[in-house]
2 protein chains.
Amino acid sequence: MAAAIEIADAEGLEAVSIRRVATALGVRPMSLYTHIERKEDLFDLMADEVNRELIIEGELPSHWREAITMIARREHEVILRHSWVIDLVARHPRVGPNGLRHGEQNLCALSGLDVDLATAARIVTAVDHYMTGYVIRERLLRDQRADHLAEPYIQQMINEGDFPHLRRAMREGVPQQESFEEGLRWLLDGIERSLGRS
Amino acid sequence: MAAAIEIADAEGLEAVSIRRVATALGVRPMSLYTHIERKEDLFDLMADEVNRELIIEGELPSHWREAITMIARREHEVILRHSWVIDLVARHPRVGPNGLRHGEQNLCALSGLDVDLATAARIVTAVDHYMTGYVIRERLLRDQRADHLAEPYIQQMINEGDFPHLRRAMREGVPQQESFEEGLRWLLDGIERSLGRS
DNA sequence: CCTCTCTCCGTACAGCGTATCGGCGGAGAC
DNA sequence: GTCTCCGCCGATACGCTGTACGGAGAGAGG
């Protein structure tokens, strides 16, 4: 599992093949099947190992917003480091021991709040959705290094077509940079407001 | 391309193989390579075709919030129908003509707002992140049909471990259902508030 | 009619996950 | 000591994948 994670971190998920992992372990491919039943099991293990890193040791901040923010930041940082987990959990749900612990901690962060469990769960998942989308995009920007929109054929399309806003954005050199914190703040502001109102 | 989309809709992205598409077209596999250079090109075409569906015909609502909501709803509906696009654009960016048109329309929706282009872009991407995460999760829930957390071994883990909140959630039967609209409202509320403040 | 281009395609190769089966070494029973 | 059983390793093989390579045939322009 550690070997597989190392490969995935370095070269992406599709580089993780049974033969590749076996080679890294100095063993023949079929030997792996004494410990796992299918390759998916290996993926499950890898995902749960990342979930372990998501768990925050020690006390959570007592204020729900700080606690959720802290968890979201941790998720952002860890998942960006192992960005292949996104593809794993997007394929189908992988609920391991550490996944449960992480879920528990999420609900725990909201326990000071006077809302029912269903609402707490929806808050958690909403933040999770934002985080997920953000990490996916950040990975894209990172992996392609340069600004994709600067590619010649795209510039040409923008210049020749009817794209006033895009053309202006291109001329002004609007950075694609975004901020995890800003979007998170927006979302939490909205949640906070709906709490105050209800 | 249409044949490939049909296969992907019905059986998922991994069912889209060169041989499969060729068979659907009544043609030999290698013939496809006359029209595309690599399989990725086919994926590019498929993604842009979905982007075409994202474009809203006619006038957008003049109020930014209504416009963005309308676009987000369209994205939600269309992408859930072709949920494999998420995996495509998550792998690497695919900017085709329709993708640009859609981007233009997004900025257009915010053009009545008194913010600079960079801020507008960040607003658009933040909403996009939420939508992306939401669709991924909704697809998970749909594809597995039943409630995954209800599986015996998970129940057992929850009951035997130290998971007070999860246990309570299980006992109370907290539904996993979430609402696209609610989270979107939260996010837009937060954005609106930050606009008013600045 | 010759040539050029465009499309189709047969074959082949390297890689994948994994089903099947066989061998080997250590632990426990007598 | 010997016998048995079980856990681990592994060789081979099957069917799948994307695609490199080269050839065949048809239609167009000279």
Side-chain angles (χ1 to χ4, degrees), chain A residues 1-50 82-96 139-140 143-144 153, chain B residues 1-50 82-96 139-140 143-144 153:
Chain A
M1 185 195 71
I5 290 182
E6 206 163 322
I7 294 173
D9 283 346
E11 304 175 44
L13 194 58
E14 64 283 358
V16 179
S17 77
I18 294 289
R19 287 164 171 84
R20 189 85 156 61
V21 174
T23 303
L25 293 175
V27 118
R28 302 292 149 221
M30 286 312 290
S31 303
L32 299 193
Y33 282 87
T34 32
H35 311 280
I36 59 175
E37 201 156 83
R38 12 189 60 251
K39 195 189 182 187
E40 281 297 315
D41 298 346
L42 176 59
F43 285 158
D44 286 347
L45 292 172
M46 291 167 70
D48 202 57
E49 187 61 23
V50 172
H82 306 294
S83 64
W84 37 267
V85 278
I86 297 260
D87 307 280
L88 288 188
V89 301
R91 258 204 284 262
H92 51 78
R94 304 176 193 263
V95 191
R139 173 178 63 170
L140 283 181
D143 288 353
Q144 70 188 28
Y153 82 97
Chain B
M1 183 193 73
I5 290 181
E6 208 162 321
I7 294 174
D9 284 345
E11 304 176 44
L13 195 58
E14 62 283 358
V16 178
S17 76
I18 294 290
R19 285 166 173 84
R20 189 85 156 60
V21 175
T23 303
L25 294 174
V27 117
R28 301 294 150 216
M30 286 311 290
S31 303
L32 299 192
Y33 283 88
T34 325
H35 309 280
I36 59 175
E37 201 156 82
R38 8 190 62 250
K39 196 189 182 188
E40 281 298 314
D41 297 348
L42 176 59
F43 285 158
D44 285 348
L45 291 172
M46 293 166 69
D48 202 56
E49 187 60 23
V50 172
H82 306 295
S83 64
W84 38 267
V85 277
I86 296 261
D87 307 281
L88 288 188
V89 301
R91 256 205 286 263
H92 51 78
R94 303 176 194 261
V95 191
R139 174 178 63 170
L140 283 181
D143 289 353
Q144 72 189 27
Y153 81 99

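Heavy atoms only: backbone and side chains are in, while hydrogens, waters and symmetry mates are out. Chain letters run A, B, ... following the sequence lines, proteins first, then strands; residues in each count from 1.
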Expressed as a whole number of angstroms, how long is the span from [X]:[atom1] to [N]:[atom2]?
| X | N | atom1 | atom2 | value |
| --- | --- | --- | --- | --- |
| B:Leu42 | D:dT17 | CG | P | 14 Å |
| B:Asp41 | D:dG18 | CG | C1' | 13 Å |
| B:Arg19 | C:dC9 | CZ | C1' | 13 Å |
| A:Phe43 | C:dG17 | CZ | P | 8 Å |
| B:His35 | C:dC9 | NE2 | C1' | 12 Å |
| B:Lys39 | D:dA20 | NZ | P | 14 Å |
| A:Ile18 | D:dC14 | CD1 | P | 20 Å |
| A:Leu32 | D:dC9 | CG | P | 9 Å |

Tell me if a side-chain donor or acceptor on [X] pairs with a main-chain N or O of [Y] at a distance below 3.5 Å.
| X | Y | result |
| --- | --- | --- |
| B:Asp48 | B:Asp44 | no |
| B:Asp9 | B:Glu6 | no |
| B:Arg94 | B:Ala47 | no |

Answer with base, sugar-phosphate or nothing: what part of the nucleic acid does A:Arg38 contact at a heavy-atom distance below 4.0 Å? sugar-phosphate
Please work out if A:Ser17 contacts a base, only the sugar-phosphate, or nothing of the nucleic acid, heavy-atom cut-off 4.0 Å. sugar-phosphate
Assign each of A:Met30 and A:Ala15 the nucleotide of DNA chain C bearing its closest heavy atom; nearer the 5' end lies the nucleotide of A:Ala15
With the side chain of B:Thr34 defined as its heavy atoms from C-beta on, choose the nearest nucleotide among C:dG17, D:dC8, C:dT7. C:dT7
Counting side-chain heavy atoms from CB outward, which of D:dG18, C:dC8, D:dC8 is closest to B:Ser31? C:dC8
The reported gap from CH2 in A:Trp84 to CD1 in A:Ile7 (rounded to nearest 0.5 angstrom) is 11.0 Å
